[in-house]
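Note on naming: letters A, B, ... go to the chains in the order of the sequence lines (proteins, then strands), and numbering restarts at 1 for each one.
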There are 2 protein chains.
Amino acid sequence: MTNPYHPHNHRHCIEDALQEARSLCKDKGARLTPLREKVLELVWQSHSPIGAYDILAELGRLEERSAQPPTVYRALDFLMEHGLIHRLSSLNAFIGCSHPSEQHNSCFLICEKCHVAQEIEHPSIDASLKDCAQSQGFKIIDSSIELTGLCPNCVGANQE
Amino acid sequence: MTNPYHPHNHRHCIEDALQEARSLCKDKGARLTPLREKVLELVWQSHSPIGAYDILAELGRLEERSAQPPTVYRALDFLMEHGLIHRLSSLNAFIGCSHPSEQHNSCFLICEKCHVAQEIEHPSIDASLKDCAQSQGFKIIDSSIELTGLCPNCVGANQE
DNA sequence: CAAAATACGTTATATTGTAACAATTATGAA
DNA sequence: TTCATAATTGTTACAATATAACGTATTTTG
Ligand SMILES: [Zn+2]
Ligand SMILES: [Zn+2]
Ligand SMILES: [Zn+2]
Ligand SMILES: [Zn+2]
């Protein structure tokens, strides 16, 4: 998996994500329409979360007739339902899922400076959360784990 | 600490929270004005998160001249700055902090059915998050950990 | 007291997200 | 194919959450 903090040919990230999405949707009989695919591509345009209205603006730049909010939100809903993107509630923004084919609870490290959000997977986090919830008799249905701070690239850099 | 899922005299929760807030603010030289205290009291009116506009409505019911959004948001900002309340970004809502005098990362169990949100603290969660971030070279500044599901009270109850 | 800082009031507006219904397109059975 | 149905998208209007900007009042400090 590509490290989002290092320079890399990001077209590969996009192409891989689109390819995997097509494959997953085909398997599930879900219709990844051109609009939905376009929105997914825009979400993947960087490793930073993007807002719904930014996606809307990008769509507007591309098409002659500009789309309306429900169009974008519906596409985002579809993509979330099928695990292709995640919503970061602390930012009201969306980001591509780095491993949509595996069932997982998402956990993000969000850099305050460069805005890269890395999805991490660490069994110990899942385990400790599950333990803790279980000890309270709480049944987890969904989780939102978002850690904000400084990524390895930015933690050393002097604040300007 | 009172268990929010069990029936209890909630006035005690409110009074304790207000008392501790007064004491903490006094120590820090922070001004817990009547307005800020009133908002804190409204946040503590239950163990469920409350939205800013619900607080606004409550204020409107109580005072003759109804307050405006900035008034409420400023009070909420103050209360957050001093660790007296937390914001649950997955709900766009606010809840009283159960242990404002201790430095901590908040972690919430939010019941989808009864809407009670319990703040939990478990060293193993903090440890695993810190470990995980550290292994990536990421410096955590703030965390938002919100687990949604069914609380012990509701997990057994039949869905109506 | 006067000056400065802080808090609050007020108006307007930005940002994010949905409800409702119409038009279109894809799907699948007859 | 052809019609009926379901799914998707378009469109309008609006709800819900949050903030900018500026003026007024209050508190603090010298
Ligand atoms: Zn990339
Ligand atoms: Zn960074
Ligand atoms: Zn209580
Ligand atoms: Zn419950």
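Contact annotation: the side chain of A:Asp131 never approaches that of B:Ser124 to less than 4.5 Å [non-hydrogen atoms, C-beta and beyond]. Looking at heavy atoms from C-beta onward, B:Ile50 lies in side-chain contact with B:Gln45 at the 4.5 angstrom threshold. Contact annotation: the side chain of B:Cys151 never approaches that of B:Val116 to less than 4.5 Å [non-hydrogen atoms, C-beta and beyond]. Counting heavy atoms from C-beta outward, A:His12 and A:Glu15 have side chains that stay 4.5 Å or more apart.
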Apply side chain to side chain contact (heavy atoms under 4.5 Å, CB included) to residues A:Cys97 and A:His104 and explain how you reach the verdict. CA-CA 10 Å; A:Cys97 175; A:His104 64 284; 3.4 Å; yes
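Remark: the backbone N or O of B:Ser89 is not paired with any side-chain donor or acceptor of A:Ser90 at under 3.5 angstrom.
Residues that satisfy the side chain to side chain donor-acceptor pair (under 3.5 Å) test with A:Arg87, not counting sequence neighbours, are A:Asn92. Residues meeting the side chain to side chain donor-acceptor pair (under 3.5 Å) test with B:Ser128, sequence neighbours left out: A:Ser128.
Ring centroids of A:His8 and A:His10 are separated by less than 6.0 Å, placing the two rings close together.
Only A:Arg31, A:Thr33, A:Leu35, A:Arg36, listed by number, bring a heavy atom of residues 26-37 of chain A to less than 4.0 angstrom from any atom of DNA chain D.
If one axis is set at each end of the helix from C:dC1-D:dG30 to C:dA30-D:dT1 from five pairs, those axes are 30° apart, to 10°.
A:Ile145 and A:Leu91 fall into different hydrophobic clusters, where Ile, Leu, Val, Met, Phe, Trp and Tyr residues are linked whenever their side-chain heavy atoms come under 4.5 Å apart, directly or through other members.
Ring geometry for A:His47 versus A:Trp44: interplanar angle over 60°, hence perpendicular rather than tilted (30 to 60°).
Summarising the geometry, the separation between CZ on B:Phe78 and C1' on C:dA5 is reported as 15 Å, rounded to the nearest angstrom.
Atom NZ of A:Lys28 has more than 12 neighbouring heavy atoms from other residues, nucleotides or ligands inside a 6.0 Å radius.
Read 5' to 3', the first and last nucleotides of DNA chain D with an atom closer than 4.0 Å to a heavy atom of chain B are D:dT17 to D:dT27.
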Going 5' to 3' through nucleotides 11-22 of chain C, assign each nucleotide B (protein heavy atom under 4.0 Å from a base atom), S (under 4.0 Å only from sugar-phosphate atoms) or - (no protein heavy atom that close). B----BBBBB--
